[in-house]
Amino acid sequence: MEHAKDMSKYRYEQALQCLQSSKALISLDDYKGAANRSYYGVFHAMRSVMALSNVDFGNHGQVIGYFRKSYIKTEIFPKEMSRIIDTLFKERNKCDYDDFYVINKEDVTNQLSSAEYFISEINKYLVNFQSENEAKGK
């Protein structure tokens, strides 16, 4: 279990770093880069939760599918988080792979806010998970 907790913590810290990077990139008017980092913040946050169950996958679709099935459909997390995943994933793909796609500051700022909300919900879960395990002596 110790390895799982360490991995979860590491991935959560990556998620927070991505949020910081997104903010910095917005201030530099690099909106495509900021959209990328906002999505990856959410991606690492999902993986931080999954690490506690020693679950991981080799591609984004599998991570997203498992997270939805195991944590959103079971109502551990609000359904709104599924929409956030969709929006950020689609925008990240457009920004990374569509040469002529333009994202504006307002849209990327909204994405950052969504990512911050998502990651704050993950943090609540992780804190609660740790408290419950400490109470059980794990």
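Fair warning: this is a prediction, and the values are worked out from it, not measured in the lab.
Smallest separation of non-hydrogen atoms from P78 and Y117: CG-OH, 3.5 Å. When all heavy atoms of V108 and A35 are compared, the pair lying nearest together is CG2-N, 3.5 Å. Between Y31 and I26 the shortest heavy-atom distance is CE2-O, 3.8 Å. Between I119 and A45, the shortest heavy-atom contact is CG1-CB, 3.8 Å. Among all heavy-atom pairs drawn from I64 and M46, the shortest one is CG1-CE, 3.8 Å. The shortest non-hydrogen separation linking Y71 to S53 is OH-OG, 3.5 Å.
Within the model, atoms CD of Q130 and NZ of K9 stand 9.0 Å from one another, a figure rounded to the nearest 0.5 Å. Taking OG of S48 as the reference point, atom CD of E13 lies at 10.5 Å (rounded to 0.5 Å). In this structure, CG in D29 is found 12.0 Å from CG in N104, a value given to the nearest 0.5 Å. For the atom pair S114 OG and M81 CE, the distance stands at 11.0 Å (nearest 0.5 Å). Rounded to the nearest 0.5 angstrom, I84 CD1 and Y39 OH are separated by 13.5 Å. Interatomic distance, F43 CZ to R37 CZ, rounded to the nearest 0.5 Å: 11.0 Å.
A donor-acceptor pair under 3.5 Å links the side-chain atoms of S113 to the main chain of T109, judged by distance alone.
Both I76 and Y12 are part of a single hydrophobic cluster, where members link through side-chain heavy atoms under 4.5 Å apart. The cluster map of Ile, Leu, Val, Met, Phe, Trp and Tyr, joined by side-chain heavy atoms under 4.5 Å apart, puts Y10 and I122 in different clusters.
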Inset, instruction - Would you please test E132 and N128 for side chain to side chain donor-acceptor pair (under 3.5 Å) and show each step? - result: CA-CA 6 Å; E132 286 178 3; N128 187 49; 3.1 Å; yes

Inset, instruction - Would you check, one step at a time, whether the test side chain to side chain contact (heavy atoms under 4.5 Å, CB included) holds for I85 with I72? - result: CA-CA 11 Å; I85 295 166; I72 295 175; 4.0 Å; yes

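Under the side-chain hydrogen bond (donor to acceptor under 3.5 Å, both in side chains) criterion, S22 pairs with S38, not counting sequence neighbours. A search for side chain to side chain contact (heavy atoms under 4.5 Å, CB included) contacts involving K23 returns L112, E116, not counting sequence neighbours. Scored by the side-chain hydrogen bond (donor to acceptor under 3.5 Å, both in side chains) test, D98 finds no partners at all (sequence neighbours excluded). Legend: residues meeting salt bridge (Lys or Arg N to Asp or Glu O under 4.0 Å) with D96, ordered by chain and number and at least two apart, are R92.
Among pairs with a residue in residues 119-129, those fulfilling salt bridge (Lys or Arg N to Asp or Glu O under 4.0 Å) read E121-K124, at least two apart in sequence or across chains. Residue pairs meeting the salt bridge (Lys or Arg N to Asp or Glu O under 4.0 Å) criterion with at least one partner in residues 52-71, sequence neighbours excluded, are R11-D56, R47-D56, R68-D86.
Residues N36 and C95 fail the side-chain proximity criterion, which asks for heavy atoms closer than 4.5 Å. Using a 4.5 Å cut-off on side-chain heavy atoms (C-beta onward), I103 and K32 make contact. Between L126 and L52 the shortest side-chain heavy-atom distance falls below 4.5 Å.
The aromatic rings of Y40 and H44 are tilted relative to each other, their planes meeting at an angle between 30° and 60°. Ring orientation note: the planes of F77 and Y125 are tilted relative to one another, at an angle of 30° to 60°. Taking the six-membered ring where the residue is Trp, Y66 and F57 present tilted rings, their angle falling between 30° and 60°.
The local environment of OH in Y101 is crowded, with over 12 non-hydrogen atoms from other residues, nucleotides or ligands closer than 6.0 Å.
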